Amino acid sequence: MTKSSFQIGELLIVELEHFQQLLDALWNRDFAVYGPTVKDMAIVHDEVKAVYDFPIGWTDEQEAAHYQLKKTGNGALFNYVVGPHTWKKYLFPPKVSLWEAKKEGALFEILPDKSSPPKMAFIGIRACDLSAIMIQDNIFTKGDYKDSIYLRNRKNNFILAVNCTKSGGGCFCISMGTGPKATKGFDLALTEIIDDKRHYFLFEVGSELGGEILSQVTTQAAGETEKQTVEKAINQAKNQMGRALDTRGIKELLYDNSEHPRWDDVASRCLTCGNCTMVCPTCFCSNIEDYTDLTGKLANRQRRWDSCFTLEHSYIHGGSVRSSVKARYRQWLTHKFASWIDQFGTSGCVGCGRCITWCPSGIDVTEEIKEIRRSVKVSTAV
Amino acid sequence: MATVLERQIKMGDDNQNPMHPKLFKVMKVRKETHDTFSLNLEASDGSGGFHFQPGQFNMLYLFGVGEAPISISGDPGVKKTLTHTIRAVGAVTKGMMKLKKGDSLGVRGPYGTTWPTKEAEGKDVVIIAGGIGLAPLRPVIYHLLSNREKFGKTVLLYGARTPDDLLYVQELEQWRSRFDFEVLVTVDRALGKWQGNIEVVTRLIPKATYDPANSIAMVCGPSIMMRFTVLELMKQGLTQNQIYISEERNMKCGIGHCGHCQIEHIFVCKDGPVFRYDAMVELFKKRDI
Amino acid sequence: METLEPILAAHPFLKGLEPDHLKLITGCASNVVFQPGQFIFREGEEANQFYIVREGKVVIETYSPVKGPIPIHTRQKGEVLGWSWLVPPYRWHFDARALELTRAIALDGKCLRQKCEDDHDFGYEIMKRFAFVIAERLEATRLQLLDVYGDRS
């Protein structure tokens with residue numbers, strides 16, 4: 001079945017053997033296509049040209065401070081949860097030039113940026129990560145000042161979301177209200193199904209562009225059985241959530257307990273390595289570094305990801321405001337789960353669980369918050 | 001065809017990169033103290049005119065070295081010249097100390113909230129500055145003096161470390177000679193010929209003439225100084241919502257994107273630097289946040 | 001002769017003092033004037049007065065053979081100068097020198113100490129007021145010591 005375009009909300013089936021057509025359609029439209037692939041024994045995001053670039057038959061096993069790839073034997077393309085990479089590396093790059101300037105005598109001028117905005121297609125964004133992108137949209141594009149680099153990278157995106165049919169040990173998207181099903185912000189969303197006879201994808205059209213791209217792929221209308229199968233598969237992910245977090249009154253809970261002894265406890269385990277901030281899909285802190293060439297005539301300002309776990313982050317003349325580990329851990333957690341709500345109207349956490357998995361000492365944000373809540377409940381009950 | 005994002009949000013103008021500084025030329029350098037200096041700047045493109053409100057700051061860029069957030073210390077009524085008073089404490093500001101007439105500097109801004117000059121109309125105004133804290137308050141003084149009839153009693157209480165650390169000494173003398181502006185200056189320590197006050201600036205608060213019930217206080221200085229000043233003002237009968245302070249935090253972008261200047265839910269660069277004290281009182285109780 | 005009572009009653013230090021107590025204190029008071037540069041008291045001397053400053057400015061200082069006079073803080077209109085008269089051994093620990101023409105009311109410490117002993121209500125009232133002055137001096141001294149405008153503040 002081919003059609004010039006599909007309507008938003010339409011559901012269609014694509015068989016595995018036709019999945020490549022989707023990638024081809026994107027490449028043909030000059031999108032650089034990024035998706036999941038296996039590298040250094042992890043599932044990361046990189047350029048994908050063909051189906052065989054995908055992590056076929058791999059799954060990831062995750063727990064606090066634990067990540068391991070495992071062979072599953074089935075040929076699933078998306079049978080993993082989330083890896084160490086987030087999509088922010090494409091939109092809010094880890095290191096990027098802000099501008100270059102050239103000095104002429106006592107004057108200098110900023111050199112025009114001649115590169116054209118990239119066209120990027122993201123294949124396999126999970127519902128949690130899609131929420132994270134919308135959170136960063138909020139930060140970088142909705143205030144009085146818009147981040148030019150982010151806007152540029154975000155402008156021509158194609159987003160293919162993947163609904164989760166399994167959950168990882170660190171997952172708690174249900175608690176954060178972000179998943180496991182993608183509900184908005186995508187051009188296309190798919191759910192992958194492998195049963196005894198078939199390996200297929202149920203696609204949902206999320207935008208005109210999505211409908212148009214999908215029209216270039218061999219599809220068939222989705223039947224009731226297939227829709228039910230998909231629903232069941234997504235429910236399975238819901239039932240498998242590795243973690244849970246009670247978010248009721250979480251802002252007040254954290255604001256009111258800034259001197260809770262649990263902060264000292266977690267500070268004794270935290271190495272301030274900043275891994276949690278690097279793998280977090282919403283963390284947006286950055287620093288700027290200045291460079292000149294050897295002649296001193298050409299200057300460059302580079303923006304890099306920064307982490308609130310460094311001493312330099314809060315440095316003002318005389319010293320750092322948050323000099324203790326306790327202060328820095330508290331800043332991160334309180335920002336993510338409390339002050340973010342005041343700043344941007346949503347939580348800064350999407351429940352992807354990466355910070356739990358990639359923390360070398362296995363610090364679990366859900367546990368830390370649970371402990372604070374438990375002791376507060378106990379003390380108010382007395 | 002519109003992408004998802006374009007449908008969701010109105011895209012900003014790509015050409016307006018908020019991180020691009022505007023080029024300014026140094027017209028005059030004035031040494032204020034051993035480590036503090038003022039720069040008079042004018043736009044290089046001759047476009048002239050820099051509009052700002054008292055209390056706002058700019059990100060100043062020194063070619064190849066970097067940027068620093070510096071409050072504007074000049075007269076808001078004089079649009080042609082942009083004035084900054086800078087204390088040389090880091091790589092960027094120490095580099096700026098070497099600037100000469102004719103050199104150029106990048107300017108982004110103005111950013112941040114302003115001193116409550118409108119709210120203060122019809123009231124007594126008590127300006128309390130410590131050290132370099134006088135610089136961001138000087139635009140308020142200029143504003144008060146050029147609109148003197150709009151305000152009640154006006155008072156400047158200024159404390160510095162030593163007599164050699166006093167900023168704007170000539171102007172202080174001029175202001176002091178006015179009958180409609182009470183100026184009290186003090187230093188924490190002094191040797192030699194100093195005939196003025198040796199007292200912490202908080203001790204000047206009970207000595208000045210103003211009506212605590214109908215005053216606005218604007219305070220800028222080191223954190224400890226501001227906390228004790230607020231305490232003393234409240235002893236005199238001012239309430240939290242009559243007191244304004246200016247906060248200092250690490251700032252890299254000035255536009256609420258880099259994350260460095262946060263104090264709990266506040267971004268000092270865009271929610272501040274000037275805050276009414278009642279907005280900060282709970283945060284002042286917390287440490288290392 | 002006009003008594004010093006109304007002047008004392010109006011001074012911030014004695015504001016709100018009961019009339020009886022004001023009378024007691026007026027009995028120990030006398031008017032004094034110091035020329036610029038004139039010492040009001042010197043380190044080591046017996047401390048038998050304190051001063052209620054009405055006009056002018058006084059510097060409290062100490063002396064170093066190398067540096068000369070080292071000023072510590074200044075007192076002016078509306079403030080009280082000296083509390084060594086209140087604590088044994090009743091000797092000045094610092095110098096006090098008028099920086100400007102200074103008018104003050106001197107209060108006889110010996111006389112006051114006796115009156116405080118005789119009338120503890122009066123004594124308590126005076127003590128409360130001096131406790132306030134001393135606490136305020138201590139806080140200001142701590143702030144000075146913090147060197148808040150210094151390089152690492």
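Reminder, nothing fancy here: chain letters follow the sequence lines and each chain counts from 1. Note that this is a predicted model, so its numbers are computed, not measured.
When each of Thr74(C), Leu145(C), Leu99(C), Leu143(C) is checked for heavy-atom pairs under 4.5 Å with chain B, Thr74(C) comes out on top. Among the candidates Ser223(B), Gly133(B), Ala160(B), the residue making the largest number of heavy-atom pairs closer than 4.5 Å to chain C is Ala160(B).
Residues of residues 193-210 of chain B lying under 4.5 angstrom from chain C, judged on non-hydrogen atoms, are Gln195(B), Gly196(B), Asn197(B), Ile198(B), Glu199(B), Val200(B), Val201(B), Thr202(B), Arg203(B), Lys207(B) in numerical order. Scanning residues 120-138 of chain C against chain B with a 4.5 Å non-hydrogen threshold yields Glu136(C), Arg137(C), sorted by number. Among the residues in residues 277-289 of chain B, none has a non-hydrogen atom closer than 4.5 angstrom to a non-hydrogen atom of chain C. Interface with chain B: from residues 46-73 of chain C, residues Lys57(C), Val59(C), Pro69(C), Ile70(C), Pro71(C), Ile72(C), His73(C) qualify, criterion being any non-hydrogen pair under 4.5 Å.
Closest heavy-atom contact between Tyr149(C) and Arg87(B): O-NH2, 3.4 Å. When all heavy atoms of Gln144(C) and Asp188(B) are compared, the closest pair comes out as NE2-O, 2.9 Å.
More than 12 heavy-atom neighbours from other residues, nucleotides or ligands sit within 6.0 angstrom of CZ on Arg189(B). The environment of Gln38(C) atom CD is dense: over 12 non-hydrogen atoms of other residues, nucleotides or ligands sit within 6.0 angstrom.
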